[in-house]
Amino acid sequence: HSIYSWAVRLTLSEKGVDWDWHEVDPFSEPERAARRHPFAKVPVLVHGAFAVFETVAILQYVDEAFDGPALQPEGAQARARMRQVQAIADAYAYWPMVRMLYSHRVFLPRQGEEADRAEAREGLSRARPVLDALEGLTGEGPFFGGAAPTLADLHLAPIVAAFAEAPEGGALLAGRRRLRAWLETMQSRPSFRATRPW
C-alpha cells in the first residue's frame, strides 16, 4: 500500500520498463526492509548490482537509465518546476494528506482498525495550503510540465489520489478546478490503473 512504491511502479510503467515486484512490509518486517534500506523503508529499486532508495532518486534513475519517453522536461525553469512539485509532495503533501487523512479515514477503517478522527481533521486542515500551492503551480497543459507527464506528475499523483479517496479530501480537491482536472487526467492513464494498489 506504499504511496511511494506506487509512484515508482507508475514511473516504470510510463517508461515502458519490464520489472518484478517483491513486497516487503516495513511495519511488520523492519529487519527484512533494513537489508536494502538503512532506515527500513520502501521503496528500493535494484537494477543488476545497483540499488537505490529514496523515491526522488529512483524516479530520476528510471528516467535516465532506461529507454522510453523522456519524463524530465527540457530547460532549467521546467526542471526546477518539476523538482519544486516533487519537493512539495515530500515535504508538505505526504504527511497530512496520506498519513493523517487517508490513513485515518480510509486505510485503517478498511483494515478494521481504529482510526483517529482528530488526526484526520488536522490532516485536512494542513492539506488546504498545500492544495492551494499546487493549484497555483498547475499550468495550461494537462500535466504539471505541460503536454506530457513528468516525474512531478508521477511522484504527486499517488498522494493526491489517496487523499481524494477520503470523502473530505475529495470535497476539498473539488474546489481546486485545475488540480482536480489534473488528477482526472492522471487517473485515466493505463499506467495509473495498472499499478493502483487498491
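- R180 is listed as a side-chain neighbour of L183, based on a closest heavy-atom distance under 4.5 Å.
- Within 6.0 Å of CZ in R117 there are 12 or fewer heavy atoms belonging to other residues, nucleotides or ligands.
- Residues F144 and L179 are in side-chain contact: their nearest non-hydrogen atoms beyond the backbone lie under 4.5 Å apart.
- Applying the side-chain hydrogen bond (donor to acceptor under 3.5 Å, both in side chains) test to pairs two or more places apart or on separate chains, those with a residue in residues 99-108 are R105-E168.
- Under the side-chain hydrogen bond (donor to acceptor under 3.5 Å, both in side chains) criterion, R178 pairs with T138, not counting sequence neighbours.
- Judged as a salt bridge (Lys or Arg N to Asp or Glu O under 4.0 Å), the pairs with a partner in residues 62-76 (not counting sequence neighbours) are, in order, K15-D63.
- To the nearest 0.5 Å, atom CG of residue L173 and atom CD of residue E135 are 8.5 Å apart.
- Looking only at side-chain heavy atoms (C-beta outward), W19 and V8 stay at 4.5 Å or farther from each other.
- Here the CH2-CD1 distance, from W6 to I3, works out to 6.0 Å after rounding to the nearest 0.5 Å.
- Taking CG from D25 and CZ from R32, the interatomic distance works out to 9.5 Å, rounded to the nearest 0.5 Å.
- Taken together through direct or relayed side-chain contacts under 4.5 Å among Ile, Leu, Val, Met, Phe, Trp and Tyr, V17 and F53 form parts of separate hydrophobic clusters.
- The side-chain contact (heavy atoms from CB on, under 4.5 Å) search around P109 returns A115, not counting sequence neighbours.
- Taking hydrophobic clusters as Ile, Leu, Val, Met, Phe, Trp and Tyr residues chained together by side-chain heavy-atom distances below 4.5 Å, V56 does not share a cluster with L59.
- How far CZ of R176 is from CG of D132: 4.5 Å, rounded to the nearest 0.5 Å.
- Residue R36 qualifies as open at atom CZ: its count of foreign heavy atoms under 6.0 Å is 12 or below.
- For the pair H155/R83, no side-chain contact is recorded, criterion being any heavy-atom separation below 4.5 Å from C-beta on.
- Residues V98 and V42 do not share a hydrophobic cluster, defined by chaining ILVMFWY side chains whose heavy atoms lie under 4.5 Å apart.
- Within the 4.5 Å cutoff, no side-chain heavy atoms of T185 are placed close to those of D153.
- Aromatic ring orientation, F66 versus H47: tilted (interplanar angle from 30° to 60°).
- The CG atom of D90 sits 6.5 Å away from the CD1 atom of I159 when rounded to the nearest 0.5 Å.
- For R35, the side-chain hydrogen bond (donor to acceptor under 3.5 Å, both in side chains) criterion is met by no residue, not counting sequence neighbours.
- Interatomic distance, W182 CH2 to L156 CG, rounded to the nearest 0.5 Å: 4.0 Å.
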Residue pair V24, V44: steps toward the side chain to side chain contact (heavy atoms under 4.5 Å, CB included) verdict:
CA-CA 10 Å; V24 177; V44 176; over 6 Å; no
Verify side chain to side chain contact (heavy atoms under 4.5 Å, CB included) between R126 and W95, making sure each step is shown before the conclusion.
CA-CA 9 Å; R126 288 172 52 182; W95 197 266; 4.0 Å; yes
Check against side chain to side chain contact (heavy atoms under 4.5 Å, CB included), R196 and L10:
CA-CA 8 Å; R196 187 181 179 120; L10 186 56; over 6 Å; no
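- Every residue two or more places apart in sequence or in another chain was checked for a side-chain hydrogen bond (donor to acceptor under 3.5 Å, both in side chains) with Y92, and none qualifies.
- Residues T150 and F143 are not in side-chain contact: their nearest non-hydrogen atoms beyond the backbone lie 4.5 Å or more apart.
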Show the numbers, then the answer: is there a side chain to side chain contact (heavy atoms under 4.5 Å, CB included) between E54 and H37?
CA-CA 9 Å; E54 293 306 313; H37 195 303; 3.4 Å; yes
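- Nearest heavy atom pair, residue P73 against residue R79, reads O-NE, 2.7 Å.
- Residues Q84 and R81 have side chains that bring a donor and an acceptor to within less than 3.5 angstrom of each other.
- Between Y4 and Y94, the two ring planes are tilted [angle within 30° to 60°].
- Of all non-hydrogen atoms in S5 and P43, the two that sit nearest each other are OG-CB, 3.5 Å.
- Considering only heavy atoms from C-beta on, L131 comes within 4.5 Å of M97 through its side chain.
- Side-chain contact check for Q60 versus Q86: every heavy-atom pair is 4.5 Å or farther apart.
- Of all the heavy atoms in F163 and G169, the pair that sits closest is CE2-O, 3.3 Å.
- A continuous path of ILVMFWY side-chain contacts below 4.5 Å connects W21 to V62, so both sit in one hydrophobic cluster.
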